[in-house]
Every structure is written in C-alpha cells, then in structure tokens.
S.K.: 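Here it is, the structure, as structure tokens.
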Amino acid sequence: MLLVLSEEQKAHLGCLPRVGGAAIGELGYLAVELLRRGAAPKACEAVARKLNAGVDTVQHGVEGLMYLLTESSKLMISEMDFQDSIHVLGFSDELNKLLLQLYLDNRKEIRSILGELAPKLPSYHSLEWRLDVQLASRSLRQQIKPAVTMKLHLNDNEDLTTQVLQTDPSTLLHLIQQLEQALGEMKTNHCRRIARNMK
C-alpha cells in the first residue's frame with residue numbers, strides 16, 4: 001500500500017535536500033521527540049542554528065518527517081512500499097536510503113507511542129441478566145409487562161465498573177437485529193479492505 005502525500009506535505013518534505021542528508025538523523029530524532037513530548041520550539045531553534053538553516057525550514061522538515069513516519073508506521077508499510085511512496089518526491093538515492101533507514105529504526109517506537117496516545121476505552125468483562133414479568137397490579141388484574149435487566153461488568157483501566165440497564169424485550173430484539181446487521185456489514189468486501197488497511 002502506497003502512502004499518498006498532499007502538496008503541502010510534499011512541500012514540507014522538499015526542504016530536506018536543502019538541510020542535507022547528514023541532518024536527516026537529527027530531524028528524525030526531533031520528529032519522534034515531537035510525537036512523544038509535544039511541541040519543542042527551542043529544540044527546533046537549536047537544530048536550526050546547528051545546521052545553519054532557518055527555523056521555519058527545520059520546523060517544516062520535522063513536521064513533514066513526522067507525518068511520513070507516523071502514517072507509514074500506522075499502516076505498517078513495507079520497505080518496498082515506503083520507497084515507492086517517497087520516490088515521487090524526487091530525492092537522491094542516498095537521501096531515500098536515509099529516510100528508509102530512519103523509518104525502519106523508529107517504526108516500532110512510533111507504533112508504541114501512537115498506542116499510548118490512543119484513548120483507553122472500557123472493555124467487556126461479563127454480563128448478568130434477569131427477566132422480570134409483572135403479571136398484575138392493583139389497578140389491572142391480568143397484565144403481562146416483561147422487562148429485561150442486564151448488569152454489564154466492564155474493565156476500565158484495570159478497574160472493574162458495573163452498569164445496570166433495563167429494557168423491554170421488543171427494544172432488546174431491535175438492538176440485537178441492529179448489532180447483527182452491523183456484524184454482517186463487517187463481512188462485506190469494502191469493510192474487510194478498510195479493516196485490513198487499518199492494521
């Protein structure tokens with residue numbers, strides 16, 4: 001799978017030949033640090049002074065590298081696809097090899113950083129349910145009013161939380177049909193293709 005770069009990203013990466021191939025390592029390190037810790041304008045200024053380049057040039061180069069590395073790592077692009085993706089930029093073979101090596105060296109670390117940045121959502125632990133039927137009340141002698149009560153246990157950041165839900169059987173059947181329809185949609189070729197690219 002090839003990575004598609006916008007014109008703005010190509011322009012940001014276009015400043016890399018100006019700063020030189022030797023600076024790719026420093027800009028790559030700065031891009032990974034930017035992912036890990038956030039914006040660091042002083043670090044960009046220090047690298048710009050060291051490379052005798054403008055601060056904007058260094059900042060654009062770091063932003064371009066950060067996008068290239070994060071998207072490539074997120075999609076787990078192979079070496080060949082990565083080379084084909086950066087080939088459209090028109091860089092020299094030496095610079096392309098440096099970018100490939102930078103990607104291969106930092107791919108696992110960037111994936112772990114992206115995994116830490118992802119929101120932690122509660123996950124399923126167990127479910128208890130009970131069916132209650134009200135057969136009569138003071139005002140109505142013959143009445144059938146069913147209710148399903150569910151106790152949902154969730155793992156939320158190593159803590160066990162509980163949610164109690166109550167509904168009538170018709171609403172529960174509708175919910176089950178909607179979930180089954182969603183599962184059926186996941187089996188279509190379009191959804192499979194999207195899920196495969198997200199891994």
Side-chain angles (χ1 to χ4, degrees), residues 1-6 8-9 28-41 43 62-78 81-82 85 103-199:
M1 176 182 178
L2 293 178
L3 188 64
V4 179
L5 300 169
S6 69
E8 181 184 13
Q9 291 150 356
Y29 173 77
L30 202 56
V32 173
E33 286 300 309
L34 182 68
L35 265 176
R36 187 180 296 126
R37 295 197 177 98
V62 168
E63 289 172 1
L65 272 177
M66 186 177 69
Y67 176 80
L68 181 68
L69 293 174
T70 55
E71 290 301 313
S72 300
S73 299
K74 192 187 308 180
L75 299 172
M76 285 299 288
I77 291 180
S78 66
D81 287 342
F82 184 83
S85 296
Y103 167 62
L104 294 175
D105 292 344
N106 294 305
R107 175 172 47 187
K108 289 181 182 174
E109 183 179 1
I110 290 172
R111 282 189 65 83
S112 68
I113 291 170
L114 291 175
E116 291 170 9
L117 294 176
K120 303 286 190 249
L121 299 174
S123 60
Y124 171 81
H125 180 69
S126 66
L127 175 73
E128 300 173 34
W129 62 275
R130 182 178 76 216
L131 177 64
D132 296 323
V133 179
Q134 183 178 353
L135 298 174
S137 66
R138 287 184 184 176
S139 59
L140 293 171
R141 287 184 186 244
Q142 291 186 344
Q143 169 191 12
I144 297 177
K145 187 177 175 187
V148 178
T149 305
M150 296 171 282
K151 193 174 190 181
L152 184 62
H153 300 280
L154 302 172
N155 289 329
D156 192 9
N157 294 334
E158 306 300 326
D159 295 332
L160 199 62
T161 60
T162 304
Q163 300 287 329
V164 178
L165 311 166
Q166 187 172 25
T167 184
D168 59 301
S170 61
T171 305
L172 185 61
L173 284 174
H174 178 70
L175 180 65
I176 290 170
Q177 288 172 350
Q178 291 298 311
L179 290 173
E180 286 176 347
Q181 183 181 355
L183 284 173
E185 294 241 349
M186 282 303 296
K187 294 178 183 175
T188 63
N189 288 335
H190 180 69
C191 287
R192 283 183 182 171
R193 194 176 316 122
I194 290 171
R196 188 172 46 242
N197 288 333
M198 287 174 60
K199 291 180 184 177

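Keep in mind the model is a prediction, meaning the values are calculated, not measured.
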S.K.: Can you list every salt bridge (charged side-chain N to carboxylate O under 4.0 Å, His left out) pair that touches residues 116-130, not counting sequence neighbours?
M.R.: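 Applying salt bridge (charged side-chain N to carboxylate O under 4.0 Å, His left out) to every pair that reaches into residues 116-130, excluding sequence neighbours, yields Arg130-Asp132.
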S.K.: By ring pair (Phe, Tyr, Trp, His ring centres under 6.0 Å), which residues pair with Tyr67, not counting sequence neighbours?
M.R.: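 Not a single residue meets the ring pair (Phe, Tyr, Trp, His ring centres under 6.0 Å) criterion with Tyr67.
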S.K.: Which residues satisfy the side chain to side chain donor-acceptor pair (under 3.5 Å) test with Arg37, sequence neighbours excluded?
M.R.: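 Side chain to side chain donor-acceptor pair (under 3.5 Å) list for Arg37, sorted by chain: Glu33.
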S.K.: How long is the span from the NE2 atom in His174 to the CG atom in Leu179, to the nearest 0.5 Å?
M.R.: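 So the gap between those two atoms works out to 9.5 Å.
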S.K.: To the nearest 0.5 Å, tell me how far Tyr103 OH sits from Ser72 OG.
M.R.: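 Going from OH on Tyr103 over to OG on Ser72, the span is 5.5 Å.
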S.K.: Mind checking the CD-CD1 spacing from Gln134 to Ile144? Nearest 0.5 Å is all I need.
M.R.: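 The distance works out to 11.0 Å.
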S.K.: List for me each residue that meets side chain to side chain donor-acceptor pair (under 3.5 Å) alongside Thr162, sequence neighbours excluded, and say none if there are none.
M.R.: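 Side chain to side chain donor-acceptor pair (under 3.5 Å) list for Thr162, sorted by chain: His153.
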S.K.: Of all heavy-atom pairs between Ala31 and Leu65, which one has the smallest distance, and what is that distance?
M.R.: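 Here Ala31 and Leu65 meet closest at CB-CB, 4.3 Å.
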S.K.: Within the structure provided, determine whether Asn155 and Leu160 are in side-chain contact (heavy-atom separation under 4.5 Å).
M.R.: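 The answer is yes, as the side chains (C-beta and beyond) meet within the 4.5 Å cut-off.
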S.K.: The criterion is side chain to side chain donor-acceptor pair (under 3.5 Å); which residues satisfy it with Thr171, sequence neighbours excluded?
M.R.: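 Partners of Thr171 by the side chain to side chain donor-acceptor pair (under 3.5 Å) criterion, ordered by chain and then number, come out as Asp168.
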S.K.: Tell me which pairs pass side chain to side chain donor-acceptor pair (under 3.5 Å) where either residue lies in residues 180-192, with sequence neighbours left out.
M.R.: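 Sorted result for residues 180-192: empty, none.
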S.K.: If the condition is side chain to side chain contact (heavy atoms under 4.5 Å, CB included), which residues does Asp156 pass it with, not counting sequence neighbours?
M.R.: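 Applying side chain to side chain contact (heavy atoms under 4.5 Å, CB included) to Asp156 gives Pro122, Thr161.
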S.K.: List for me each residue that meets side chain to side chain donor-acceptor pair (under 3.5 Å) alongside Glu8, sequence neighbours excluded, and say none if there are none.
M.R.: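 For Glu8 there are no side chain to side chain donor-acceptor pair (under 3.5 Å) partners, ignoring immediate neighbours.
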S.K.: Between atom OG of Ser137 and atom CG of Leu140, what is the distance when rounded to the nearest 0.5 Å?
M.R.: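 Spacing of OG (Ser137) from CG (Leu140) equals 4.5 Å.
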S.K.: Could you grab the distance from atom CD of Gln142 to atom CG of Leu135, nearest 0.5 Å is fine?
M.R.: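 Going from CD on Gln142 over to CG on Leu135, the span is 10.0 Å.
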S.K.: Would you please name every residue forming a side chain to side chain contact (heavy atoms under 4.5 Å, CB included) with Ile110, sequence neighbours left out?
M.R.: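 Counting only residues at least two positions away or on another chain, Ile110 forms a side chain to side chain contact (heavy atoms under 4.5 Å, CB included) with Val32, Leu35, Leu69, Thr70, Ser73, Asn106, Leu114.
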S.K.: CZ/Arg111 to CG/Leu75 distance, rounded to the nearest 0.5 angstrom?
M.R.: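 Atom-to-atom, Arg111:CZ and Leu75:CG are 9.0 Å apart.
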S.K.: When you look at CD of Gln163, are more than 12 heavy atoms from neighbouring residues, nucleotides or ligands closer to it than 6.0 Å?
M.R.: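 Count not over threshold, so no.
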